Amino acid sequence: IQLTDMRLAESLGTRAVAAGGGLEANIALSLALIWQERGEEVEAIFAQLAAETSGPLRVQVALLRALNFAVILGHTARAETELDTEVPTGDATVAATALALRASIDVARGRSAAAIEQARRVIDDPSSDAIARMLSTWALVSSLGELGRIDEVEAVVEAGYRLADTAPEVSHLRLPLAFLYAHMQRLAGTLDQADVTIARIRRDTVDVPIEGSWQVAESWHAFVAGLSAISRGALADAHRLCQESLADFGARDSGSMRKMLARLWLATADAMAGRAADARREFDATPWWRADPDACARDPDRILARAWVCAAEGAVSEAISIARTAASRERELGRLGWEVMLLQTATQFGDRRTADRLAELALTVRGPRAAAAAAHAAALAAADGDGLIEASKHYEHFGDRLAAADAAAQAATAYQRAG
C-alpha cells in the first residue's frame, strides 16, 4: 500500500484473510480497496467486522468505515452516524482522527469554512497521527481553494508533501493531494503552478520500479493532466488524456470518483470543441458519485459539463440558466472560487448580467481568474470591444485560451455592431 501497488496489496490481503489473519488482515485488505475507490466492497467487509467486534476494536472499524462512507462513497449521513454512535467523544487516542473525518464530511457537504476550522485543529495538534494530518490537509486544500483563498494553499500543500516524505503510512496519499491542489489552481487561474504540480507527480513516481505502482502513477498523471488541458483550452490533449484515464480505470473495478470526473471532463472537452453528440453521449453515460443530497462537493464539475453540453447543442439560454443557478448555490455555500468559475462560464455564453457580482468577487477572491472574469463581464455588459480585447489578453496571460477566444469573439461582435 505504501508503495501504491494496490493490486498486489489486495492480492496479499485476500490471502492473509483466507489464512486466518483476522481483523488486522481484513483492515489491510480494506485499505487496499479503499484507495482503489471500491467503496461498496469495502463496506461489505466493514459491515461484517462491525457485527463481530466491540470496544476499542469496534472503534477502529468505525473510523475506517466513516472514512469509506465520507471520502469514497459520499454517504455523509452514514459517516456522521458511525462517528456519533461508535466513537467515544472523550477518547483522546482517536479524537484527532475523528475530527479529521468530520472535516472530510464538511468538505463533501460543501461546508468549506467549517472544514477549515476542524482541519486546522487537527494539524495544530502535535499528537495527531499521520493519517489524521493528511486527511486534514486534503480538507484544507479543497476548502481554502473553494473559498477563493489560493494564496494560503501552497504552504499547506508543501507541509502535506513533507508529511508524505517522512510518514510511510501516508506516502501513497500524495497523489490525491496533488490532484486537489491542481483542481484548486484551476479555480484560481494559477495554471502555471498547476503545471508544476503535474510535473511533480511525474517526478515523484518516475523512478518507482514496481510495475503496479508505476501504472497507478501513470493513471494519476493522465487524470490530472487532462484537467489541466481543459483549463487551458487544449481540447485535443484533454480528450486524449481523459480517454486514457477511462481506459485505465475501465480495465479494473476501481477509481469510481476519478471515472466520474474523467468522463465529465471528456464530455466538457467534446462540448467545448463543438462535438455536441459525443458530448451528450459521454455526459449521459457518466456515473454519479453523490450518494446523498448533502454530498455536493462534486456538483460544480457536473454542472459545468451539463452547461457546456447544452451550449454545444445550441441551447445557450438554458446553459446560462444552469450556470447562474449553480453560481447562486455556491454563493450560499460561500464557495466563491466556484462561483467565479460558474459566472465566468455564463459570461462566455453571452450572459450580460454577471458584471456586478463578479466585480464584488474580484475584490476578495485571489488569483488571476476573478479579475479577468470581472473585466470580461463589465466589457460585455457595456458592449465595449476594446474592453473585451483586454479581457481576452488577461485570460490568455494566465493560460485560459478558450475564455480568451470567447472574449475576442464577443469583441468582434461588439465592433461590428458599433460599425
Side-chain angles (χ1 to χ4, degrees), residues 100 103-104 106-107 110 112-126 128 130-167 170-205 217 220-221 223-232 297 300-301 334-341 344 361-373 394-395 397-400:
S104 300
D106 282 329
V107 170
S112 300
I116 289 172
E117 180 182 353
Q118 300 196 83
R120 290 273 191 212
R121 287 169 58 192
V122 175
I123 289 176
D124 292 341
D125 181 357
S128 301
I131 290 289
R133 295 175 72 84
M134 183 58 82
L135 290 175
S136 297
T137 298
W138 288 359
L140 273 178
V141 170
S142 294
S143 299
L144 288 170
E146 289 169 344
L147 293 178
R149 294 159 57 180
I150 193 67
D151 56 329
E152 299 177 47
V153 174
E154 183 175 1
V156 177
V157 171
E158 288 303 319
Y161 283 138
R162 288 196 298 273
L163 179 64
D165 287 340
T166 56
V170 296
S171 61
H172 57 293
L173 301 183
R174 74 180 68 216
L175 296 176
L177 173 61
F179 157 65
L180 292 171
Y181 191 24
H183 208 5
M184 295 307 104
Q185 288 162 338
R186 177 198 185 195
L187 284 189
T190 51
L191 302 186
D192 287 344
Q193 188 59 43
D195 290 341
V196 172
T197 301
I198 294 166
R200 187 168 195 162
I201 294 175
R202 177 58 60 84
R203 184 177 68 250
D204 283 352
T205 56
W220 272 103
H221 181 268
F223 176 68
V224 181
L227 171 65
S228 177
I230 288 176
S231 303
R232 290 186 173 279
D301 291 285
R335 300 199 302 183
L336 306 186
W338 278 118
E339 187 184 0
V340 168
M341 176 68 81
Q344 176 193 310
L361 289 167
L363 298 175
T364 56
V365 175
R366 294 142 199 182
R369 184 180 299 283
H394 288 317
Y395 284 132
H397 180 70
F398 73 78
D400 191 340

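Small disclaimer: the values here were computed from a predicted structure and weren't measured.
Contact between Ser142 and Leu180 at its shortest, heavy atoms only, is OG-CD2, 3.4 Å. Scanning both residues, Thr137 and Gly160, for their nearest heavy atoms gives CG2-CA, 4.0 Å. The nearest pair of heavy atoms linking Ser228 to Asp195 is OG-OD1, 3.1 Å. Minimum interatomic distance between Ala132 and Val122 (heavy atoms only, all atoms of both residues): O-CG1, 3.7 Å. Taking all atoms of both residues into account, the shortest heavy-atom contact from Val340 to Ala373 is CG1-CB, 4.4 Å. In this structure, Leu147 and Leu336 approach most closely via the heavy-atom pair O-CB, 4.0 Å.
Two residues are said to be in side-chain contact when any heavy atoms from C-beta on lie closer than 4.5 Å; Thr190 and Pro368 meet this criterion. Side-chain contact between Gln193 and Ile150: absent, with no pair of heavy atoms (C-beta onward) separated by less than 4.5 Å. Between Val107 and Trp138, the closest side-chain pair of non-hydrogen atoms is not below 4.5 Å. Using a 4.5 Å heavy-atom threshold, the side chains of Pro300 and Glu146 count as separate. Between Asp165 and Arg174 there is a side-chain heavy-atom pair separated by less than 4.5 Å. Residues Glu339 and Val365 fail the side-chain proximity criterion, which asks for heavy atoms closer than 4.5 Å.
One N or O on the side chain of Ser104 and one on the backbone of Ala100 form a donor-acceptor pair closer than 3.5 Å. With Arg133 contributing its side chain and Ile123 its backbone, the two residues share a donor-acceptor pair below 3.5 Å.
In this structure, the separation between CE on Met134 and CG on Leu177 is 5.5 Å, given to the nearest 0.5 Å. Between the CE atom of Met341 and the CD atom of Gln344 there is a distance of 6.0 Å, given to the nearest 0.5 Å. Here the straight-line distance linking atom OG of Ser143 with atom CD of Glu117 works out to 11.5 Å at 0.5 Å rounding. Leu173 contributes atom CG, which lies 5.5 Å from atom CD1 of Ile131 (distance to the nearest 0.5 angstrom). Atom CD of Glu152 sits about 5.5 Å away from atom CG of Leu144, to the nearest 0.5 Å.
Asp125 is linked by a salt bridge (Lys or Arg N to Asp or Glu O under 4.0 Å) to nothing, counting only residues two or more places apart in sequence or in another chain. Applying the ring-ring contact (aromatic ring centres under 6.0 Å, His included) criterion to His172, with sequence neighbours excluded, gives Trp35.
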List the steps, then state whether side chain to side chain contact (heavy atoms under 4.5 Å, CB included) holds for Arg149 with Ile116. CA-CA 11 Å; Arg149 294 159 57 180; Ile116 289 172; 4.0 Å; yes
Residues 182-189 side chain polar contacts: donor-acceptor under 3.5 Å, at least two apart:
{"unit_1": "His183", "atom_1": "NE2", "unit_2": "Asp301", "atom_2": "OD1", "d": "3.4"}
{"unit_1": "His183", "atom_1": "NE2", "unit_2": "Asp301", "atom_2": "OD2", "d": "3.4"}
{"unit_1": "Gln185", "atom_1": "OE1", "unit_2": "Ala194", "atom_2": "N", "d": "3.2"}
{"unit_1": "Gln185", "atom_1": "OE1", "unit_2": "Thr197", "atom_2": "OG1", "d": "3.3"}
{"unit_1": "Gln185", "atom_1": "NE2", "unit_2": "Tyr181", "atom_2": "OH", "d": "3.3"}

